[in-house]
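What follows is one structure encoded as structure tokens, with my remarks underneath.
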Amino acid sequence: MKILVLNGPNLNMLGVREPDIYGKENYASLCKTVEDEAKRLGIQVDIRQSNHEGQLVDWIQEAFGVFDGIVINPAAYTHYSIAILDALKAVGLPAVEVHISDIHKREDFRKHSVTAPACIGQISGKGIYGYVLGIRMLYDHING
Ligand code: DQA
């Protein structure tokens, strides 16, 4: 099983960025958490981060026929990227949306996700551990 883990804008700034909201762990630590979980489950993961919407759309499209599912934290794009929603729908791969912070308990504009309707589930507010939960959700879904 091959899973693509995509991270949107500013997630490369983890550890530095608003640590009271996103925690003190940095992006390398996020990647290690994901890789450790993949090893435990015996699956392959490819972890990528971009600050650019079009790059994320390209990676989603290229995942078709290559990956079995996607874990995605679209970051700010969650709240307004119809392009990412459409890309996820276009490839039709099972996807899980992950948010480090609890988007439902923050500003009103963060409460709505335009990308979630293309996902089988959303995990929010569990910190970096949310990626572990996201991978497991996808793994269970794919294994049926
Ligand atoms: C985020 C939440 C978004 O609202 C925000 O724009 C992010 C990160 C999270 O992981 O909590 O950049 O997706």
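Just so you know, these numbers use all the heavy atoms, side chains as well, and skip hydrogens, waters and symmetry mates. Note that this is a predicted model, so its numbers are computed, not measured. In listed order, ligands and their atoms are each counted from 1.
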Problem - Gap between atom CG of Asn7 and atom CG of Leu56 - 0.5 Å precision - result: 9.0 Å
Using a 3.5 Å cut-off on N/O to N/O, what pairs does ligand 1 make with the protein? A line per pair would be great.
from: ligand 1; atom 1: 4 (O); to: His79; atom 2: NE2; distance (Å): 2.7
from: ligand 1; atom 1: 4 (O); to: Arg110; atom 2: NH1; distance (Å): 2.9
from: ligand 1; atom 1: 6 (O); to: Ala76; atom 2: N; distance (Å): 3.2
from: ligand 1; atom 1: 6 (O); to: Arg110; atom 2: NH1; distance (Å): 3.1
from: ligand 1; atom 1: 10 (O); to: Asn73; atom 2: ND2; distance (Å): 2.8
from: ligand 1; atom 1: 10 (O); to: Ile100; atom 2: N; distance (Å): 2.8
from: ligand 1; atom 1: 11 (O); to: Ile100; atom 2: N; distance (Å): 3.2
from: ligand 1; atom 1: 11 (O); to: Ser101; atom 2: N; distance (Å): 2.8
from: ligand 1; atom 1: 11 (O); to: Ser101; atom 2: OG; distance (Å): 2.6
from: ligand 1; atom 1: 12 (O); to: Arg17; atom 2: NH1; distance (Å): 3.2
from: ligand 1; atom 1: 12 (O); to: Arg17; atom 2: NH2; distance (Å): 2.7
from: ligand 1; atom 1: 13 (O); to: Asn73; atom 2: OD1; distance (Å): 2.8
from: ligand 1; atom 1: 13 (O); to: His99; atom 2: ND1; distance (Å): 2.8

Practice task
Nearest 0.5 Å please: distance from the CZ atom of Arg40 over to the OH atom of Tyr139.
Solution key: 12.5 Å
Practice task
Enter the distance from Ile72:CD1 to Leu88:CG here, rounded to the nearest 0.5 Å.
Solution key: 5.0 Å
Problem - Salt-bridge present (Asp36, Lys32; N to O < 4.0 Å) - result: yes
Fill in the blank from the handout: Value for CH2 (Trp59) from CD (Gln49), rounded to nearest 0.5 Å, stands at 7.0 Å
Exercise for the section: Check whether the side chains of His104 and Gln122 place a donor and an acceptor atom closer than 3.5 Å, and report yes or no. Expected result: yes
